[in-house]
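All ligand and atom numbering here is 1-based and tracks the order in the structure.
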Amino acid sequence: MKIKNVTGKVETLVDSLRDLSPTRIRSSSSDELIASEKDDEISSWIALHPSALDMFNKIMSDAEGKQIIMFLDYDGTLSRITEDHDKAYITDEMRDVVKEVAIHFKTAIISGRSTDKVQSFVKLAGIHYAGSHGMDIKGPTNTDEVFLFIFLSNQEVMFQPASDYLPMIDEVVNVLKEKTKCISGATVENNKFCLSVHFRRVDEKGWAALAEQVRLVLIDYPKLRLTHGKKVLELRPSIKWDKGKALEFLLNSLGVLAESEDVLPVYIGDDRTDEDAFKVH
Ligand SMILES: O=P(O)(O)OC[C@H]1O[C@H](O[C@H]2O[C@H](CO)[C@@H](O)[C@H](O)[C@H]2O)[C@H](O)[C@@H](O)[C@@H]1O
């Protein structure tokens with residue numbers, strides 16, 4: 001979901017932050033009513049989009065005879081959500097699962113984090129990585145099984161559609177670090193071609209101040225746009241590129257068409273920005 005009118009009222013942005021935080025305490029009966037309407041909305045959405053785990057047998061029969069290509073999100077999918085974003089490590093058990101998957105299927109991890117950061121967590125060489133929400137795509141130069149898990153350095157850049165934005169992102173990271181340093185718990189993460197402003201550890205009383213700083217930065221940097229995920233605001237280049245486009249790019253470079261009947265791309269993700277990839281077929 002994208003936040004619209006970000007340069008408008010700060011209250012709109014704070015409301016969006018509240019929407020991202022369903023565990024907040026509801027204070028009045030009108031809040032309760034709105035929450036129950038939202039719950040109904042969520043229930044009807046879930047009815048139209050059943051859990052893949054409940055449909056596992058159907059997915060297996062649909063996959064019969066097709067080439068499966070695996071796309072995995074990182075945070076909340078391969079790693080648990082943690083208070084400190086720098087400590088969202090993948091477990092050894094999960095790493096072994098990804099390794100096993102990659103032996104059988106072409107596999108890519110598509111993340112909002114920088115590619116380098118995800119690689120440093122996952123430490124598997126034979127897979128593709130698309131960090132910065134797909135704006136930094138790297139892949140293995142040699143896919144022989146023997147090389148798969150040995151040389152992480154054996155990876156090359158395949159596509160970086162937002163390389164012009166690199167200096168701007170660095171600048172905005174510094175600006176936002178400075179502007180938010182008085183807001184207890186707020187952190188700014190440099191994801192190379194985009195950046196995250198985390199509010200997981202910010203008291204709700206500080207959200208308006210944080211949202212205001214982000215809003216002001218967006219006015220100064222109109223070439224950036226705002227999206228959001230779990231307790232995080234993300235600023236990224238206003239280019240027509242997202243996790244869905246990255247998925248299509250990767251399918252193309254693997255020599256398959258997204259719409260081909262012989263291919264079944266499987267994408268596992270947990271957050272709003274993953275919806276861009278869910279939409280691709
Ligand atoms: O596309 P993803 O791999 O899911 O990355 C999205 C964001 O994930 C990280 O933030 C989220 O996980 C943190 C650690 O569990 C958590 O503290 C935070 O509240 C979550 O939003 C990452 O730090 C962000 O930069 C990514 O954009």
Around [atom], find the nearest protein heavy atom and jot down its residue, atom name and distance.
atom: atom 1 (O) of ligand 1; value: K243 NZ, 2.6 Å
atom: atom 12 (O) of ligand 1; value: D75 OD1, 3.4 Å
atom: atom 2 (P) of ligand 1; value: D73 OD1, 2.9 Å
atom: atom 3 (O) of ligand 1; value: S111 OG, 2.7 Å

Problem set entry | Option from V217, I169, V188 for which side-chain contact (heavy atoms from CB on, under 4.5 Å) with L235 holds |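 Testing L235 for a side-chain contact (heavy atoms from CB on, under 4.5 Å) against V217, I169, V188 leaves exactly one candidate, V217.
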
Exercise. Can you tell which of D136, V122, I137, D116 makes a side-chain contact (heavy atoms from CB on, under 4.5 Å) with Y129?
Worked result: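 Of all the options given, the one that passes is V122.
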
Salt bridge flag under 4.0 Å for residues [X] and [Y]:
X: D92; Y: R95; result: yes
X: D75; Y: K230; result: no
X: E212; Y: R215; result: yes

So if I count the atoms of ligand 1 from 1 in the order they appear, which ones are less than 4.0 Å from some heavy atom of [X]?
X: E234; result: 26 (C), 27 (O)
X: Y74; result: 3 (O)
X: V232; result: 21 (O)
X: R113; result: 9 (C), 14 (C), 22 (C), 23 (O)
X: I81; result: 12 (O), 15 (O)
X: T82; result: 14 (C), 15 (O), 16 (C), 17 (O)
X: E189; result: 22 (C), 23 (O), 24 (C), 25 (O)
X: G112; result: 1 (O), 2 (P), 3 (O), 5 (O), 27 (O)

For this session: Check whether L166 and M158 end up in the same hydrophobic cluster, where Ile, Leu, Val, Met, Phe, Trp and Tyr are linked by side-chain heavy atoms less than 4.5 Å apart.
Result: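 In one cluster with L166: M158, yes.
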
Problem set entry | Side chains of M135 and Y165 in contact at under 4.5 Å (non-hydrogen atoms) |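 They are not in side-chain contact.
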
For this session: Side-chain contact test, heavy atoms from C-beta onward, threshold under 4.5 Å: evaluate it for R113 versus E189 and give yes or no.
Result: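 Yes, close enough: below the 4.5 Å cut-off.
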
Exercise. Are D271 and ligand 1 in contact, using a heavy-atom cut-off of under 4.0 Å?
Worked result: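 Outside the 4.0 Å threshold, so no.
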
Exercise. What about the rings of Y267 and F278, do their centers lie closer together than 6.0 Å?
Worked result: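 Centroid separation for Y267 and F278: below 6.0 Å.
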
Exercise. Does the ring center of W241 lie less than 6.0 Å from the ring center of F159?
Worked result: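 Yes: the rings meet the under 6.0 Å criterion.
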
So which bit of [X] gets within less than 4.0 Å of ligand 1, heavy atoms only: side chain, backbone, both or neither?
X: A88; value: side chain
X: N191; value: side chain
X: R80; value: backbone

For this session: Can you figure out which of K231, R201, R200, H85 has its heavy atom closest to atom 19 (O) of ligand 1?
Result: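 The nearest heavy atom belongs to R200.
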
For this session: Please work out which of H133, K87, H198, K230 has its closest non-hydrogen atom nearest to atom 10 (O) of ligand 1.
Result: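 Checking each option, the heavy atom nearest atom 10 (O) of ligand 1 is found in H198.
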
Exercise. Does D270, backbone or side chain, put an N or O under 3.5 Å from an N or O of ligand 1?
Worked result: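 Between D270 and ligand 1 (N or O atoms, distance only) the closest approach is not under 3.5 Å.
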
Exercise. Which word best sums up how the rings of F121 and Y89 line up, parallel for under 30°, tilted for 30 to 60°, or perpendicular for over 60°?
Worked result: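 Because their plane-to-plane angle is over 60°, the rings of F121 and Y89 count as perpendicular.
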
For this session: Decide if atom NZ of K138 counts as having more than 12 heavy atoms of other residues, nucleotides or ligands within a radius under 6.0 Å.
Result: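 Yes.
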
